[in-house]
Enquirer: 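I'd like to ask you about the structure that follows.
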Amino acid sequence: MNNRDVVLAEKGFLDFEVDPALDLFAEIEKLKKEKNAVILAHYYQEPDIQDVADYIGDSLGLAQQASKTDADIIVFAGVHFMAETAKILNPSKKVLLPDLKAGCSLADSAPGHLFKAFREKYPDHIVVSYINCSAEVKALSDIICTSSNAEKVIESIPAGQPIIFAPDKNLGAYINKKTGRNMVLWNGACMVHEIFSLEKITKLKIRHPKAKLIAHPECEDAVLAVADYIGSTTQLLKYTSQDSAHEYIVATETGILHQMQQDSPGKTFIPAPPNNNCACNDCPHMKLNTLEKLYLCMKYEQPELLMDETLREAARKPIDRMLEISRAAGLIGG
Ligand code: 13P
Ligand code: SF4
């Protein structure tokens, strides 16, 4: 790489030409072995990336894998807050993200300085933050949760203890309903999960009367109210492989359909329709990562996720707390 390329790579603008004749799957496998690298991928990544990953999972599974890997390099095929979490858990390892610009609308909805001011208004409240937030917000939180363990995390807090839940108001409202708490909610949401059209879902259900609607708890209350099953990406996947129905309308990002189809080849999965004709149920942040960028980032070991050590230490405590609660609840192994 010349100097200009290094600068571009560090900024996350990896748009080199990759020889289209190159077998990227074979090259990536070779780089994994040469560099003792592990690829962790979220279910919302494109199918090719999922197929080349060593581990595919939801946010909780990915955080747990990141906490126990013995690889020297963690290549995070996901978005920025996920790679940040991996770095927080592995300060001595190199953490790479194929495109540093792969952000998250939900994490962006809670800028650290505004969240700090919000938290100061509720000095007697415990702060539980969804893992989809920046390291700054994590450092201002008492416990982190994911959609897999949010209910257990909230139940681990004594009844009567007031709680702030951030940044997802939809997940927060859903957990309030399930646990009977009255948590103060930060007003954030995911652009993908807020786009589903209840009207179009209702029509789709009429056209497919045997199809079950399954939804991620980041969806709005109106969609969750008509869902047959609600869960994190891993929980949705498990449900579809064990359930007896043959058809599902899936209200979450479309990337998950790849594993659903692989696990249950005989079943039909219909992406829930967005409220206009865009492909807005594809997360534009997740989809910034491509197989080419994954290959380039492994080859050049750029862009790397770096973090201030004081911030990292402060952000680690609430993640460790989450992992302890999840272990105690049997949600993850030791
Ligand atoms: P989970 O994979 O934890 O269900 O989270 C979904 C999500 O939106 C990740 O960005
Ligand atoms: Fe963030 Fe939503 Fe994309 Fe997940 S799907 S990364 S919550 S914008």
Side-chain angles (χ1 to χ4, degrees), residues 40-46 49-50 53 55-66 76-86 97-110 128-134 137-138 144-153 166-172 174-175 186-196 214-220 223-224 227 229-240 250-260 271-272 274 278-289 319 322-323 326 331-332:
L40 307 182
H42 190 268
Y43 291 121
Y44 296 166
Q45 292 294 284
E46 61 176 44
I49 294 182
Q50 294 189 38
Y55 177 85
I56 319 164
D58 68 356
S59 309
L60 179 61
L62 290 165
Q64 197 210 6
Q65 288 297 319
F76 217 110
V79 290
H80 194 270
F81 76 82
M82 296 179 170
E84 250 183 4
T85 305
L97 183 62
D99 191 324
L100 265 190
K101 297 189 297 321
C104 167
S105 64
L106 185 49
D108 290 349
S109 72
V128 178
S129 293
Y130 189 35
I131 199 164
N132 299 39
C133 64
S134 65
V137 170
K138 287 187 175 77
I144 298 303
C145 73
T146 74
S147 48
S148 277
N149 61 19
E151 202 178 330
K152 294 275 184 222
V153 165
D168 189 0
K169 64 176 178 189
N170 293 324
L171 176 63
Y174 171 68
I175 299 296
W186 178 267
N187 187 18
C190 158
M191 63 194 283
V192 177
H193 290 88
E194 284 231 305
I195 204 81
F196 297 115
I214 58 171
H216 194 280
E218 287 175 24
C219 293
E220 289 178 320
V223 171
L224 297 181
Y229 180 76
I230 299 165
S232 72
T233 47
T234 295
Q235 290 164 343
L236 294 177
L237 183 62
K238 198 166 161 202
Y239 179 76
T240 55
V250 185
T252 189
E253 212 270 358
T254 54
I256 188 74
L257 268 65
H258 181 58
Q259 293 304 319
M260 287 179 172
C278 63
C280 342
N281 45 356
D282 275 334
C283 173
H285 307 288
M286 287 277 183
K287 292 326 199 254
L288 276 179
N289 294 328
I319 299 177
M322 169 187 82
L323 292 172
S326 304
L331 296 173
I332 56 173

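Every number for a ligand or one of its atoms is a count from 1 in the order of the listing. Since the model is a prediction, treat every value here as computed from it, not as a measurement.
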Enquirer: For Asp58 and Thr233, which I'm curious about, is there any donor-acceptor pair between the side chains at under 3.5 Å?
Expert: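 Thr233 and Asp58 do not have a side-chain donor-acceptor pair below 3.5 Å.
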
Enquirer: Is it true that the side chains of Thr254 and Tyr44 contain a donor and an acceptor less than 3.5 Å apart?
Expert: no

Enquirer: Near Asn132, which atoms of ligand 2 are under 4.0 Å from a heavy atom of that residue?
Expert: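 Contacts of ligand 2 toward Asn132, numbered from 1: 7 (S).
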
Enquirer: Can you check which of Gly78, Ser105, Ala102 brings a heavy atom nearest to atom 8 (S) of ligand 2?
Expert: Ser105

Enquirer: Cys283 heavy atoms, cut-off 4.0 Å: which ligand 2 atoms fall inside?
Expert: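 Counting from 1, the qualifying ligand atoms are 3 (Fe), 5 (S), 6 (S), 8 (S).
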
Enquirer: Work out whether the distance between some heavy atom of Glu218 and some atom of ligand 2 is less than 4.0 Å.
Expert: yes

Enquirer: Look up atom CG in Leu171 and atom OG in Ser232, then write down how far apart they are to the nearest 0.5 Å.
Expert: 10.5 Å

Enquirer: Give the residue, atom name and distance (to 0.1 Å) of the protein heavy atom nearest atom 1 (Fe) of ligand 2.
Expert: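 Of every protein heavy atom, Cys104 SG, 2.4 Å lies nearest to atom 1 (Fe) of ligand 2.
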
Enquirer: Exactly which residues line ligand 1, taking a heavy atom under 4.0 Å from it as the test?
Expert: His42, Tyr44, Asp58, Ser59, Met82, Tyr130, Asn132, Ser147, His216, Glu218, Ser232, Thr233, Met286

Enquirer: When you check the side-chain N and O atoms of Asn289 and Glu46, is any donor under 3.5 Å from an acceptor?
Expert: no

Enquirer: Apply side-chain contact (heavy atoms from CB on, under 4.5 Å) to residues Met322 and Leu60 and explain how you reach the verdict.
Expert: CA-CA 9 Å; Met322 169 187 82; Leu60 179 61; 4.0 Å; yes

Enquirer: Using the side-chain contact (heavy atoms from CB on, under 4.5 Å) rule, take Asn132 and Met82 through it: C-alpha gap first, then chi angles, then the decisive distance, then the call.
Expert: CA-CA 8 Å; Asn132 299 39; Met82 296 179 170; 5.8 Å; no

Enquirer: Checking side-chain contact (heavy atoms from CB on, under 4.5 Å) against Glu253, which of His216, His42, Lys287 comes through?
Expert: Lys287

Enquirer: Fit a plane to each ring of Tyr239 and Tyr229, take the angle between them on a 0 to 90° scale, and name the class: parallel (under 30°), tilted (30 to 60°) or perpendicular (over 60°).
Expert: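 Rings of Tyr239 and Tyr229: parallel, as their planes differ by under 30°.
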
Enquirer: Return yes if a side-chain donor-acceptor contact under 3.5 Å exists between Tyr130 and Glu218, otherwise no.
Expert: yes

Enquirer: Is Cys190 close enough to atom 2 (Fe) of ligand 2 that one of its N, O or S atoms comes in under 2.8 Å?
Expert: yes

